[in-house]
There are 2 protein chains.
Amino acid sequence: MKSDSEIDWRSVCPISSALDVLGDKWSLLIIRDLIVHGPRTYSELLKSPEHISTNILAARLDLLVGLKLIQRVNPQASQRNNAFQLTESGTELRPILIALGGWAQVHLKHFHADILGINTPNHSKKSTQ
Amino acid sequence: MKSDSEIDWRSVCPISSALDVLGDKWSLLIIRDLIVHGPRTYSELLKSPEHISTNILAARLDLLVGLKLIQRVNPQASQRNNAFQLTESGTELRPILIALGGWAQVHLKHFHADILGINTPNHSKKSTQ
DNA sequence: CCGCATCCGTTACGATACTG
DNA sequence: CAGTATCGTAACGGATGCGG
């Protein structure tokens, strides 16, 4: 019932507009999962260590689909086991997320001792999300 | 009374950690203003076209100061007319914000017709925030 | 005036239970 | 498995007040 992509754009500034879409606690994390793992189902996304709740995940997926940052792997098929993947728009956020992660490793480690460091091993598998 | 930088880190992932700090509607917008204009006072920040409210601005400034992304220009002086500026940590978000703006210009223009385009003039002054 | 703090209504989020 | 319904909590947003 909520397949609307109604965003209220706060201004014409591109940075502000990007944040109107992505400036919340979850959207970029979903995109991160799709960047790291490739296509992922609803239940796989739920298993990420940050523990998004089911209603929020469903709402964000709707929004990101509406904005064409992600899409179903098989648009015609049933929703069951039908993973989500990045569109080209979504994929192009990859360098930005990488940069954001690099920034955090350098500038947040003093406030978050356990943050994964630059040379922490196993950086692209399940245990290091 | 709220000078606490208590963040609850959702995971050890650097990207997630960056979003624990910056993943809200306002923090990166404040940082954008300081990148674009240089040092800015509380009331100048209030005048940005996205219209943050006073209590939210005060809370976010506290948080960003606590995380050392911004600081007062003159730490000893009174708060009156004492602008905020970026620290080095904050300044290093600049390329990320630029990239985010570039991404938005390309990938959101279909959803937000009025978004400032790449060759929109007057891109660094007051009227184009 | 400027830099907030407080109050309070509204909206977003979050956990859990439940349904097709 | 992929969500929706419900309901409590936290964040936001506007108005206003108050000290310096």
Side-chain angles (χ1 to χ4, degrees), chain A residues 1-11 16 19-30 33-34 39-66 70-85, chain B residues 1-11 16 19-30 33-34 39-66 70-85:
Chain A
M1 225 57 102
K2 194 195 290 178
S3 47
D4 217 358
S5 312
E6 287 312 299
I7 308 271
D8 95 322
W9 306 99
R10 287 175 287 181
S11 79
S16 166
L19 294 172
D20 288 337
V21 170
L22 302 168
D24 71 282
K25 284 184 110 53
W26 295 110
S27 297
L28 285 172
L29 239 30
I30 294 170
D33 278 0
L34 299 181
R40 242 159 177 226
T41 65
Y42 179 90
S43 59
E44 288 173 327
L45 290 167
L46 273 184
K47 288 173 193 144
S48 288
E50 292 86 10
H51 301 115
I52 190 172
S53 59
T54 61
N55 52 349
I56 308 287
L57 178 57
R60 288 291 146 196
L61 288 173
D62 265 15
L63 220 174
L64 294 175
V65 167
I70 66 175
Q71 64 195 172
R72 302 239 183 213
V73 169
N74 189 339
Q76 322 296 8
S78 92
Q79 299 185 334
R80 199 180 174 80
N81 290 333
N82 192 353
F84 295 88
Q85 63 188 353
Chain B
M1 222 64 93
K2 193 198 287 185
S3 48
D4 217 359
S5 313
E6 288 310 301
I7 310 270
D8 96 323
W9 307 100
R10 287 175 289 180
S11 78
S16 165
L19 295 171
D20 289 336
V21 170
L22 303 169
D24 71 281
K25 281 182 111 53
W26 295 110
S27 298
L28 284 173
L29 240 29
I30 294 170
D33 277 359
L34 299 181
R40 227 134 203 242
T41 64
Y42 178 91
S43 57
E44 287 174 326
L45 290 167
L46 273 185
K47 287 171 194 145
S48 288
E50 292 87 10
H51 301 114
I52 189 171
S53 59
T54 61
N55 52 349
I56 308 287
L57 178 57
R60 288 290 147 197
L61 289 172
D62 265 15
L63 220 172
L64 294 174
V65 167
I70 66 175
Q71 67 196 172
R72 303 234 182 222
V73 169
N74 190 341
Q76 322 295 7
S78 93
Q79 299 183 334
R80 195 183 177 79
N81 290 333
N82 189 354
F84 295 88
Q85 65 189 351

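All heavy atoms count here, side chains included; hydrogens, waters and symmetry mates do not. All of these numbers come straight from a predicted model, not from anything done at the bench.
- Counting heavy atoms from C-beta outward, A:W9 and A:V21 have side chains that approach closer than 4.5 Å.
- In this structure, A:W26 reaches the C:dG14 phosphate: one of its side-chain N or O atoms is under 4.0 Å from OP1 or OP2.
- The nearest whole Å value for the distance from the CG atom in A:L57 to the C1' atom in C:dG14 is 13 Å.
- Here A:T41 lies in heavy-atom contact (under 4.0 Å) with sugar-phosphate atoms only.
- Each of A:R80 and A:H51 lies near DNA chain C, and the nucleotide nearest A:H51 is the one positioned closer to the 5' end.
- In this structure, the CG atom of A:L61 is 10 Å from the C1' atom of D:dA2, given to the nearest Å.
- Nearest to the side chain of B:S53, among D:dG13, C:dC2, D:dA2, sits D:dG13.
- Per the geometry, CG belonging to B:D24 stands 11 Å off C1' belonging to D:dC12, to the nearest Å.
- Residue A:T54 is classed as a base contact, given a heavy-atom separation below 4.0 Å to a base.
- Between the two ends of the helix from C:dC1-D:dG20 to C:dG20-D:dC1, each summarised by a five-pair axis, the helix axis turns through 30° (rounded to 10 degrees).
- With C:dC2, C:dC4, D:dG13 as the candidates, the nucleotide lying closest to the side chain of B:Q79 is C:dC4.
- Contacts classified as salt bridge (Lys or Arg N to Asp or Glu O under 4.0 Å) and involving residues 75-85 of chain A (residues at least two apart or in different chains) are not found.
- Between the side chain of B:R10 and the backbone N or O of A:K25 there is at least one donor-acceptor pair closer than 3.5 Å.
- Looking at B:Q85 and B:R40, their side chains never come closer than 4.5 Å, going by heavy atoms from C-beta outward.
- Between A:D8 atom CG and C:dT10 atom P there is a gap of 18 Å when expressed in whole angstrom units.
- The distance from atom CG of B:D20 to atom P of C:dC13 is 15 Å, rounded to the nearest whole Å.
- Residue B:F84 is tested with B:T41, B:V65, B:V73 for a side-chain contact (heavy atoms from CB on, under 4.5 Å); the sole match is B:V65.
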Exercise. Would you give a per-nucleotide map of nucleotides 6-11 of chain D, 5' to 3', where B means the base has a protein non-hydrogen atom under 4.0 Å away, S means only the sugar-phosphate does, and - means neither?
Key: B-----

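- A pairwise comparison of heavy atoms in B:W26 and B:R60 identifies CB-CG, 4.3 Å as the closest pair.
- Contact check for B:S16 versus A:L29: side-chain heavy atoms found under the 4.5 Å cut-off.
- Proximity of B:T54 to B:L46: side-chain heavy atoms (C-beta onward) are separated by under 4.5 Å at one or more points.
- Remark: C1' of D:dC12 and CZ of A:R10 are 12 Å apart, rounded to the nearest angstrom.
- One can place NZ of A:K25 at 17 Å from C1' of C:dA15, the figure rounded to the nearest angstrom.
- A:L64 is listed as a side-chain neighbour of A:I30, based on a closest heavy-atom distance under 4.5 Å.
- In the set C:dC13, C:dC4, D:dA2, C:dC4 carries the atom at the smallest distance from any side-chain atom of B:A58.
- A donor-acceptor contact under 3.5 angstrom links the side chains of B:S48 and B:D33, judged on distance only.
- In this structure, the CG atom of B:L46 is 10 Å from the C1' atom of C:dC2, given to the nearest Å.
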